[in-house]
Amino acid sequence: MRVESEPMKIAEDLLAHYGVHARRLPWRVPPGSNEAADPYRVWLSEVMLQQTTVAAVAPYFARFTDRWPTVADLAAAADGDVMAAWAGLGYYARARNLLACARAVARDHGGVFPDTEDALRALPGVGAYTAAAVAAIAFRRRAVVVDANVERVVARLFAIATPLPAARTEIRAAAHRITPDARAGDFAQAMMDLGATICTSRSPACGICPLRQDCAAFRTADPAAFPAKAAKKARPHRLGHAWWIERDDGRIWLIRRPDKGMLGGMRALPSSDWSVTAPPAAPPFPALWTALADPVTHVFTHFSLDLMVHVARVEGDCLPPGEGEWWPLDRLDEAGLPTLFRRAADAAMKENIQDAW
DNA sequence: GACACGTGGGA
DNA sequence: TTCCCAAGTGT
């Protein structure tokens with residue numbers, strides 16, 4: 001005979017806890033509030049929060065909503081402005097899809113977010129998770145919201161031993177069982193709060209968990225062992241070159257990367273391909289090139305990179321090959337460089353200061 | 001299902 | 001230092 005709490009009891013216990021302990025977040029309406037959540041803000045926050053921490057998102061969310069208060073404002077924004085505003089947050093396909101989604105809402109939905117999970121799911125950059133989250137949180141629909149937090153909490157509640165990702169089907173079915181018909185949005189946010197603050201990946205605080213009496217993993221020797229996960233692959237290493245071209249009027253040459261691939265759509269220094277073996281350091285044009293002593297090291301999700309930075313100072317009549325723009329050094333912050341190239345720029349400028357001395 | 005796709009913080 | 005991971009989506 002199984003010892004398992006009633007599905008409804010889990011939701012009741014969790015929502016009671018959430019009513020008292022809900023985190024106050026800029027995009028969140030407090031539990032029990034009569035105020036309705038703004039679908040635009042809910043959607044924007046959900047996209048920003050994909051694979052990204054609350055701490056990292058908060059300042060970006062503030063800047064975006066200040067500059068583009070409505071989905072119509074965002075839909076009317078220039079591509080480059082949005083990409084630059086996203087710079088540093090990572091996963092830049094999100095920014096491209098964000099704009100595409102805002103414009104689809106403006107063009108196909110009269111500037112109003114659709115209020116069903118299916119219609120939301122059809123929008124660019126809105127997958128199963130985000131569609132369910134927006135439907136539940138902004139439109140108070142009964143949707144089963146499953147993110148990594150929910151997966152972890154559910155895997156523990158029911159001590160699901162199947163390793164991820166194979167356990168997804170089983171976890172989703174269990175999440176469906178415990179999701180209440182009413183307040184599914186609060187329930188989802190409560191699950192995520194629990195996963196972020198108590199039922200954490202490494203050392204869950206079971207002693208203060210409102211669900212410990214409902215939790216099968218709590219009754220095992222090692223609750224943190226759930227969910228089991230498949231082994232990860234080793235991270236390969238790559239090498240590349242980047243070119244810092246500084247003109248005598250205090251500008252540097254920036255290009256825009258193609259939409260597809262790494263850092264797609266972002267401003268960048270000209271650079272070589274990033275290969276497993278060092279590509280030949282073939283500069284974009286002949287000049288007096290100086291390589292920085294140390295490469296810029298950067299770790300991406302699926303590989304790490306050593307980027308050699310080569311510096312050249314050129315005359316005002318120099319025109320590097322290909323598309324690009326001369327960008328004033330004193331406004332480099334506004335260029336919206338992704339972190340890799342921001343670090344390369346910092347290294348190049350530091351080197352130049354040493355030259356001047 | 002597998003893989004590409006960023007970044008910064010915590011243990 | 002190194003590894004893991006954080007409100008996933010698209011292909």
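Proteins come first, then strands; the chains are lettered A, B, ... in the order of their sequence lines, and each starts at number 1.
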Trainee: Strictly below 4.0 Å, N to O, side chains only: are A/Glu151 and A/Arg168 in salt-bridge contact?
Mentor: yes

Trainee: Contact class for A/Ala148 vs. all strands (heavy atom < 4.0 Å): base, sugar-phosphate, or nothing?
Mentor: sugar-phosphate

Trainee: Apply the test side-chain contact (heavy atoms from CB on, under 4.5 Å) to residues A/Ile178 and A/Met191: give CA-CA distance (whole Å), side-chain angles for both, the deciding distance (0.1 Å), then the verdict.
Mentor: CA-CA 11 Å; A/Ile178 63 174; A/Met191 289 286 276; 4.0 Å; yes

Trainee: Report which part of the nucleic acid A/Ala55 touches: base, sugar-phosphate, or nothing (heavy-atom distance under 4.0 Å, all strands).
Mentor: nothing

Trainee: Given atom CG of A/Leu120 and atom P of C/dG8, what is their separation to the nearest angstrom?
Mentor: 17 Å

Trainee: Once you apply a heavy-atom cut-off of 4.0 Å, does A/Thr52 come out as touching a base, just sugar-phosphate, or nothing?
Mentor: base

Trainee: Assess whether side-chain contact (heavy atoms from CB on, under 4.5 Å) is satisfied between A/Leu211 and A/Ile10, documenting all intermediate values.
Mentor: CA-CA 7 Å; A/Leu211 300 185; A/Ile10 293 174; 4.2 Å; yes

Trainee: With a strict under 4.0 Å distance from non-hydrogen atoms of chain A, what nucleotide opens and what nucleotide closes the contacted stretch of DNA chain B, reading 5' to 3'?
Mentor: B/dG1 to B/dA11

Trainee: Rounded to the nearest angstrom, tell me the gap between atom CZ in A/Arg23 and atom P in C/dA6.
Mentor: 12 Å

Trainee: Want to settle it: does A/Arg28 or A/Leu123 sit nearer the 5' end of DNA chain C, counting the closest nucleotide to each?
Mentor: A/Arg28

Trainee: Does the side chain of A/Thr130 get closer than 4.0 angstrom to OP1 or OP2 of C/dT9 through an N or O atom?
Mentor: yes

Trainee: Mind calculating the distance between CZ (A/Arg94) and C1' (C/dG8) to the nearest angstrom?
Mentor: 9 Å

Trainee: What I'd like to find out is whether the side chain of A/Leu164 reaches to under 4.5 Å of the side chain of A/Pro227, using heavy atoms alone.
Mentor: yes

Trainee: Before accepting this row, confirm whether a basic side-chain N of the pair A/Asp79/A/Arg96 lies closer than 4.0 Å to the acidic partner's carboxylate O.
Mentor: no

Trainee: Scan A/Lys260 against the nucleic acid and name what it touches under 4.0 Å (heavy atoms): base, sugar-phosphate only, or nothing.
Mentor: nothing

Trainee: I need the CG-C1' distance between A/Leu164 and C/dG8, as an integer number of Å.
Mentor: 14 Å

Trainee: Scan A/Leu25 against the nucleic acid and name what it touches under 4.0 Å (heavy atoms): base, sugar-phosphate only, or nothing.
Mentor: base

Trainee: For A/Ala104 versus A/Pro124, what's the shortest heavy-atom pair and its separation?
Mentor: CB-CD, 4.3 Å

Trainee: Contact class for A/Leu263 (heavy atom, under 4.0 Å): base, sugar-phosphate, or nothing?
Mentor: sugar-phosphate

Trainee: If you assign A/Gln51 and A/Ala166 each to the DNA chain B nucleotide with the nearest heavy atom, which residue ends up on the more 5' nucleotide?
Mentor: A/Ala166

Trainee: List, by chain and number, the other hydrophobic cluster members for A/Phe285, where Ile, Leu, Val, Met, Phe, Trp and Tyr join if side-chain heavy atoms come within less than 4.5 Å, directly or indirectly.
Mentor: A/Trp243, A/Ile245, A/Trp253, A/Ile255, A/Trp289, A/Val314, A/Leu319, A/Trp326

Trainee: What integer number of Å spans the P atoms of B/dG6 and C/dT11?
Mentor: 14 Å

Trainee: Tell me the interatomic distance from A/Gln50, atom CD, to C/dG8, atom C1', rounded to whole angstroms.
Mentor: 5 Å

Trainee: How long is the line joining CZ of A/Arg202 and P of C/dC5, in whole Å?
Mentor: 6 Å

Trainee: Does A/Arg152 reach a base, just sugar-phosphate, or nothing at all? Heavy atoms under 4.0 Å.
Mentor: sugar-phosphate

Trainee: When the distance from CG of A/Asp193 to C1' of C/dA6 is rounded to whole Å, what number comes out?
Mentor: 14 Å

Trainee: Under 4.0 Å, heavy atoms only, any strand: does A/Ser45 hit a base, just the sugar-phosphate, or nothing?
Mentor: nothing

Trainee: Could you measure between the two P atoms, the one in C/dC4 and the one in B/dC3, and give it in whole Å?
Mentor: 16 Å

Trainee: Under 4.0 Å, heavy atoms only, any strand: does A/Gly195 hit a base, just the sugar-phosphate, or nothing?
Mentor: nothing

Trainee: Considering every strand and a 4.0 Å limit on heavy-atom distances, what is the contact class for A/Val126: base, sugar-phosphate, or nothing?
Mentor: sugar-phosphate

Trainee: Is the side chain of A/Arg94 donor-acceptor paired with the backbone N or O of A/Val47 at a distance under 3.5 Å, no angle test?
Mentor: yes

Trainee: Mind checking if A/Met192 touches a base, just sugar-phosphate, or nothing, with heavy atoms under 4.0 Å?
Mentor: base

Trainee: Categorize A/Gly264 for me: base, sugar-phosphate, or nothing, with a 4.0 angstrom heavy-atom threshold over every strand shown.
Mentor: nothing

Trainee: Using whole Å, report how far CD of A/Glu151 lies from P of C/dC5.
Mentor: 12 Å

Trainee: Measuring to OP1 and OP2 of C/dC5, would you say a side-chain N or O of A/Lys229 lies under 4.0 angstrom away?
Mentor: yes

Trainee: Would you mind listing the cluster partners of A/Val112? Hydrophobic ones only (ILVMFWY), side-chain contacts under 4.5 Å, chaining allowed.
Mentor: none

Trainee: Determine the contact category for A/Trp86: base if any of its heavy atoms lies under 4.0 Å from a base atom, sugar-phosphate if only primed atoms, P, OP1 or OP2 are that close, otherwise nothing.
Mentor: nothing

Trainee: For A/Trp27 and A/Arg121, take the nucleotide of DNA chain C holding the closest heavy atom to each; which residue's nucleotide lies nearer the 5' end?
Mentor: A/Trp27

